[in-house]
Amino acid sequence: MKKCDICFKDYKGDAGIRIHKSKAHKDEPLGGASTKDKQSKTKTAVQASYGDHQTKDFKFKCKFCDKRTETETGLRIHHGIVHKGTTYPEHSSTDTDAHGTSYPEPSSTDEKGSRTKSVQDAHGTTYPEPSSTDQKGSGTKSVPDAHGGNHTDDLQFNCKFCDKTSQTERGLKIHHGRVHQDKDFPGHCYKNSTGSTAATKDPYAKSVAKEELLRSPSVPLDMMVKIDKATVTDQAIDRLSDQLEECKMSKKDSSAASEAMNSFTDSFLTELNKISKLKWFFFNSGSFYDKTRNSPDEFDLMIYPDVQVSVDFDDKSVLGFYKVKMVSTRVPELDGTVTRNDYIRPEAYKTYVFELFDRVLQKIREGRRVTKRVKSRNSPAYTIDYKAIPGKNAIDVDLVPCFKIEGWPPVAKRLDPKWISYDSVVHNAMKSCDVVCKRCPHDHPDNNLLWRLSFAKAEKMLMKHANSSGDSTFKKDAYRFIKLYICNMKDQCPGKIQKFSSYCIKQFIFTEFDNWPNKPTEEVIIQRNILNHLIEGLEERCIPNYFLQNDNVLQFIPTDELDLLCRGMIMEYEKLHGKKRSK
């Protein structure tokens, strides 16, 4: 523990003391008071620490714990991190601290009696609108950032490993922790308005970056929508309406495709169970269930045998990847895929099942309308283009060999989405998961034995019932719109978007659903703020996995692909907002 040399409060490290001084003792010399000054000011300092200091700086108190913050922004961030499962209690503009001191609502008149205009930042916190001139009349415009700090456009913190710049030190630390996790935070140089540079080295930076790695700096969607007062143009409304029509499939098209796929799966599974001595089942996990139009349309079929396996969830060395062991009595058909220790080798299993699929397609009548697509070796799916309906696009069918795992894995978070009104849906979503033959991208001694954990069933059930609670029927449409943007970009840039998939979009949109506005809101406002959040995630190279904590679903997507997606999303955002997006 270290003490502040001004008020003697205890802090864990230098970084904590530095932040404390910048808030509580910002008028004190940076080097602290002399020994003589410390002794003469001891009583005053202690009083400041527990009395006037708290009254002045930490007026917002958490209703659930003893945490106090200087601004409501800080309190909202604290609540979202520590008390995520509870509803944020609105704090009135007049609050009372532990000493009975009341905090009056900010006046529209500043301390000198001059009138100032109040504005709200992205967190809903009220700030006086910045004057066009600073205290010295120099004309510098000071703007509060998203977390309440002031900065000027000519002060930038530059990353040493890429071209990223940030207007705050904290922003650079978060960027480093997300994008350059394998490198130590080296400190950095920033340029001020005079062109001179100053170097900083923060020993706490690395731990801060890790701690905030998957903690979104964005304001929750409901808060952003609430304070979004920008005009909704007729052009934006028409554009969103047109996209809605483009996303949806007609009942005629969806019925025809569903009938064709039902016939295909029946024939496929019947022939597979003739060829193999195992009993095989399938689960339709594809995106077609929510009537999202793609080009071509998609079905994902999870194909699994009736055998019992166990997963080694105790091995936490690679998040989301685990070894799978055969529990059933000896299965001769799979002997070639199992090690002496009964671990199943995913590559060998995939190769064997793909060979079965080849034989099946040669036997079934629908196989004449099927074209096998060559995919990367790392893909867990056997992909075919199925010309099911004359004159229509071929259906993109992914046949995914997997094993079904009974029960909800201990590494996954418990689901409690408030946007689904049926408890049975959530209960059934957590009944099982799957493991698929997705190669682990990390360097691991058991790489040839690691399987990728999949939540395909839970994803489908959550998305299918996303509109079941509340007045909004726009949740699924919001997902459809983003998916349409990505599909259009793939068509416009062939071969340049390969890793970013529907899976990434679902992980992102589920979190947006968790923060959905409670009151009916213009859909254009919702969608443009969702797009802004997606852009932030692409810029920071981070979209948290909805099911697994501390897992970033963008971590293995190439930078060029993310940059391309980001530019495309910015264009769509600006079309809905009617102006350029500010950085």
Side-chain angles (χ1 to χ4, degrees), residues 159 161-166 174-183 213-214 216-218 243 247 286-287 292 294-296 298 300 318-321 373-381 383 396 398 400 436 438-443 452 454 459 478-512 530-546 548 550-575 581 583:
C159 178
F161 302 107
C162 67
D163 295 332
K164 174 73 174 179
T165 61
S166 175
I174 294 174
H175 159 75
H176 183 274
R178 289 173 175 168
V179 182
H180 309 296
Q181 303 172 40
D182 57 333
K183 300 179 177 68
L213 172 60
L214 294 174
S216 172
S218 302
Q243 288 171 332
C247 287
S287 59
T292 302
N294 296 295
S295 181
E298 296 178 357
D300 291 345
V318 182
L319 185 64
F321 288 86
R373 194 188 308 172
V374 178
K375 300 188 75 173
S376 69
R377 184 178 178 182
N378 189 36
S379 173
T383 304
D396 179 344
D398 278 348
V400 184
V436 297
K438 179 77 172 178
R439 183 169 176 81
C440 176
H442 293 282
D443 185 15
R452 182 69 163 100
S454 170
E459 290 172 12
Y479 164 71
R480 291 176 178 131
F481 291 147
I482 295 177
K483 191 164 185 181
L484 177 66
Y485 299 152
I486 304 301
C487 289
N488 289 342
M489 289 185 67
K490 286 183 177 181
D491 291 341
Q492 296 167 9
C493 309
K496 293 186 177 181
I497 302 176
Q498 297 181 339
K499 299 291 186 180
F500 191 89
S501 62
S502 300
Y503 168 75
C504 300
I505 304 173
K506 289 174 188 173
Q507 304 309 302
F508 164 76
I509 204 69
F510 287 153
T511 301
E512 299 297 287
I530 288 176
L531 282 175
N532 195 47
H533 270 179
L534 179 57
I535 292 166
E536 289 176 351
L538 294 171
E539 288 176 337
E540 295 292 346
R541 309 295 192 252
C542 179
I543 291 179
N545 189 316
Y546 187 74
L548 297 175
N550 300 321
D551 183 29
N552 176 10
V553 299
L554 301 186
Q555 60 182 316
F556 300 114
I557 298 181
T559 299
D560 290 347
E561 184 172 327
L562 294 178
D563 287 341
L564 177 62
L565 287 166
C566 192
R567 291 194 295 271
M569 294 300 102
I570 289 175
M571 291 176 60
E572 295 295 337
Y573 170 83
E574 291 175 346
K575 289 174 184 176
R581 178 178 180 265
K583 295 183 179 180

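Please read all numbers here as calculations on a predicted model, not as lab measurements.
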Distance check, rounded to the nearest 0.5 Å: Cys542 atom SG versus Gln555 atom CD? 9.0 Å
Apply the test side-chain contact (heavy atoms from CB on, under 4.5 Å) to residues Lys496 and Met489: give CA-CA distance (whole Å), side-chain angles for both, the deciding distance (0.1 Å), then the verdict. CA-CA 9 Å; Lys496 293 186 177 181; Met489 289 185 67; over 6 Å; no
Using a 4.5 Å cut-off on heavy atoms from C-beta on, say whether the side chain of Phe510 contacts that of Pro544. no
Can you tell me how far apart OG (Ser502) and CD1 (Ile482) are? Round to the nearest 0.5 Å. 11.5 Å
Does Ile509 reach the side chain of Tyr546, with side-chain heavy atoms less than 4.5 Å apart? no
Expected output: side-chain Glu561 to main-chain Gln498 donor-acceptor under 3.5 Å: yes
Check: Glu572 and Gln243 side chains under 4.5 Å, non-hydrogen atoms: yes
List the steps and the verdict of side-chain contact (heavy atoms from CB on, under 4.5 Å) for Phe481 and Ile530. CA-CA 11 Å; Phe481 291 147; Ile530 288 176; over 6 Å; no
Atom pair CG/CZ of Leu562 and Arg567 - distance to nearest 0.5 Å: 11.0 Å
Could you give the distance from CG (Leu564) to CD (Gln492), rounded to the nearest 0.5 Å? 9.5 Å
So does Asn378 have more than 12 non-hydrogen atoms from other groups sitting under 6.0 Å from CG? yes
Side chain to side chain donor-acceptor pair (under 3.5 Å) with Glu512: which residues, sequence neighbours excluded? His533
Do Ile486 and Met569 make a side-chain contact, defined as non-hydrogen atoms from C-beta onward lying under 4.5 Å apart? yes
Going by heavy atoms in the side chains, are Cys504 and Ile557 under 4.5 Å from each other? yes
Taking all heavy atoms of Cys566 and all of Ile535, pick out the closest pair and write down the distance. SG-CG2, 3.9 Å
Once you round to the nearest 0.5 Å, how far does OG of Ser501 lie from NZ of Lys506? 8.5 Å
Please tell me if the side chains of His442 and Phe556 come closer than 4.5 Å, counting only heavy atoms from C-beta onward. yes
Partners meeting side chain to side chain donor-acceptor pair (under 3.5 Å) with Asp563 (sequence neighbours left out): Arg541
Can you check whether Leu534 reaches Ile505 side chain to side chain, under 4.5 Å on heavy atoms? no
Can you confirm whether Leu554 sits close enough to Glu540 that some side-chain heavy atom of one is under 4.5 Å from a side-chain heavy atom of the other? no
Which heavy atom of Asn552 sits nearest a heavy atom of Ile543, and at what distance? OD1-N, 3.0 Å
All salt bridge (Lys or Arg N to Asp or Glu O under 4.0 Å) counterparts of Arg439, not counting sequence neighbours: none
CZ of Phe508 to CZ of Phe500: how many Å apart, nearest 0.5 Å? 8.5 Å
